[in-house]
Asker: 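One structure follows; several queries about it will come next.
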Amino acid sequence: MSTLFDFVLHIDSHLVNIVQTFGGWSYVILFAIIFIETGAVILPFLPGDSLLFAASALAANEIYHLNIWLFVALFLIACLAGDSLNFHIAKRLGKAATKSSFFGKYINEEKLHEAEGLFDRMGDIVITLARFMPIIRTFIPFVAGGSTMTYKRFLPYNFLGAISWVTLCCAAGYWFGNTPFVKAHFSAIVLGIILVSLIPILVTAIKGSTKKAA
């Protein structure tokens, strides 16, 4: 877990190592990370926002010879495909997934119940909004798939969330990731991104605790 934390906190230097080591295959590796983060309900802790930001910052630096538009396209496909896989896993397995010998060991049931609560309170739009919430964004498609929602109804909200998230994170990284201030405080910026993205979850948790207390 400490290795993962170090990767997220110093993701800029780790991505540089990946690019310098794997070259063009870096696109495939980063695509896989985003796809797995959203598509594998057992791995919700992989980096998302910070990876998009850092990758786009590298693309803005000519010495790495990375194409920002290819990143945007691949990240968008990874989001859509990952969420769709997540949705169909739940549609096929339903609640049985949490009881299985494999999935049950890795699915965080507390976060799953939290996602279910958000879905019940906010309705379909939470599919879009959850894209900006780490961990929760992995469970919302699973919750949607386990409900009576059809994929046709799920897809527009999924697409809106994915395109908004990828556009915002990639644009921020591309335009601001290489400014002297951001480069000098990159780890703090990444930590700030994570903390800001956790605010909706904290607000929801506080509201839930307040209602229970009342």
Asker: What's the separation between atom CG in Leu85 and atom CZ in Phe142, rounded to the nearest 0.5 Å?
Answerer: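 Reported value, rounded in 0.5 Å steps: 11.0 Å.
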Asker: Indicate yes or no for a side-chain donor-acceptor contact from Thr21 to the backbone of Ile18 under 3.5 Å, with no hydrogens or angles considered.
Answerer: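 It does not hold such a pair.
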Asker: Under a single-linkage definition using a 4.5 Å side-chain heavy-atom cutoff for Ile, Leu, Val, Met, Phe, Trp and Tyr, are Ile68 and Trp165 assigned to the same hydrophobic cluster?
Answerer: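 Yes; Trp165 is reachable from Ile68 via cluster members.
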Asker: Minimum heavy-atom separation for Leu15 to Leu51, with atom names?
Answerer: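 Result for this residue pair: CD1-O, 4.1 Å.
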Asker: At their closest point, which heavy atom of Ile34 faces which heavy atom of Leu52, and how far apart are they?
Answerer: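 Looking at all heavy atoms of both residues, the closest pair is CD1-CD1, 3.4 Å.
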Asker: With rounding to the nearest 0.5 Å, note down the distance linking CG in Leu168 to CZ in Phe132.
Answerer: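 Answer for the CG-CZ pair, Leu168 versus Phe132, is 5.5 Å.
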Asker: Hey, does Phe75 have a side-chain heavy atom less than 4.5 Å from the side chain of Leu30?
Answerer: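 Result yes, sub-4.5 Å side-chain heavy-atom pair found.
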Asker: From Thr138 OG1 over to Ile36 CD1, what is the distance, rounded to the nearest 0.5 angstrom?
Answerer: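 Result: 11.5 Å between the selected atoms.
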Asker: Give me the atom names and distance for the closest heavy-atom approach of Tyr151 to Ser84.
Answerer: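 Closest pair (atom of Tyr151, atom of Ser84, distance): OH-OG, 2.6 Å.
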Asker: Can you list the residues that meet the side chain to side chain contact (heavy atoms under 4.5 Å, CB included) rule with Thr167, with sequence neighbours excluded?
Answerer: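 Side chain to side chain contact (heavy atoms under 4.5 Å, CB included) check on Thr167 returns Ile163.
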Asker: Within a strict 4.5 Å, meaning less than it, do heavy atoms of the Ile77 and Phe35 side chains meet?
Answerer: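 Side-chain contact under 4.5 Å: no.
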Asker: Ignoring hydrogens, what is the shortest heavy-atom contact between Phe154 and Ala144? Give both atom names and the distance.
Answerer: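 Taking Phe154 first and Ala144 second, the nearest heavy atoms are CD1-CB, 3.9 Å.
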Asker: About how many Å separate CG of Leu80 and CG of Leu76, when rounded to the nearest 0.5 Å?
Answerer: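 Atom-to-atom, Leu76:CG and Leu80:CG are 4.5 Å apart.
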Asker: Any chance you could measure Phe176, atom CZ, to Phe53, atom CZ, to the nearest 0.5 Å?
Answerer: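 So the CZ of Phe176 and the CZ of Phe53 are separated by 8.5 Å.
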Asker: Are side-chain heavy atoms of Cys79 and Arg131 found at a separation under 4.5 Å?
Answerer: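 Yes, close enough: below the 4.5 Å cut-off.
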Asker: Mind running side chain to side chain contact (heavy atoms under 4.5 Å, CB included) on Met149 and Ile127 for me, showing each step along the way?
Answerer: CA-CA 12 Å; Met149 176 177 282; Ile127 296 168; 3.6 Å; yes
Asker: State which residues pass side chain to side chain contact (heavy atoms under 4.5 Å, CB included) with Thr179; sequence neighbours excluded, sorted by chain then number.
Answerer: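 In terms of side chain to side chain contact (heavy atoms under 4.5 Å, CB included), with neighbours along the sequence ignored, Thr179 is linked to Val182.
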Asker: Is Phe87 reachable from Leu129 through a run of hydrophobic residues whose side-chain heavy atoms are each under 4.5 Å from the next?
Answerer: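 As far as the 4.5 Å side-chain criterion goes, Phe87 and Leu129 are connected within one cluster.
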Asker: Shortest non-hydrogen contact from Glu37 to Arg137?
Answerer: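 Scanning both residues, the minimum pair turns out to be OE2-NE, 2.8 Å.
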Asker: Just so I know, are the side chains of Asn86 and Thr38 near enough to count as touching, which here means a heavy-atom distance under 4.5 Å?
Answerer: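 The answer is no, as the side chains (C-beta and beyond) never meet within the 4.5 Å cut-off.
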Asker: Drop me the distance from Asn61's CG to Tyr174's OH, to the nearest 0.5 angstrom.
Answerer: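 One finds 10.0 Å between CG of Asn61 and OH of Tyr174.
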Asker: Between Phe31 and Phe22, is there shared hydrophobic-cluster membership here, with clusters defined by ILVMFWY side-chain heavy atoms closer than 4.5 Å?
Answerer: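 Result: yes, single cluster for both.
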Asker: Salt bridge (charged side-chain N to carboxylate O under 4.0 Å, His left out): which pairs involve residues 148-158, sequence neighbours left out?
Answerer: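 Listed once each, the pairs are Asp124-Arg153.
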Asker: A side-chain contact here means heavy atoms from C-beta on lying under 4.5 Å apart; do Tyr27 and Asn67 qualify?
Answerer: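 Yes, at least one pair of side-chain atoms sits under 4.5 Å.
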Asker: With the side chain counted from C-beta on, respond yes when Val126 and Tyr157 share a heavy-atom pair under 4.5 Å apart, and no when they do not.
Answerer: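 No, side chains not in contact.
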Asker: With a 4.5 Å limit on heavy-atom distance, are the side chains of Phe71 and Leu58 in contact?
Answerer: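 With C-beta onward as the side chain, the pair stays apart.
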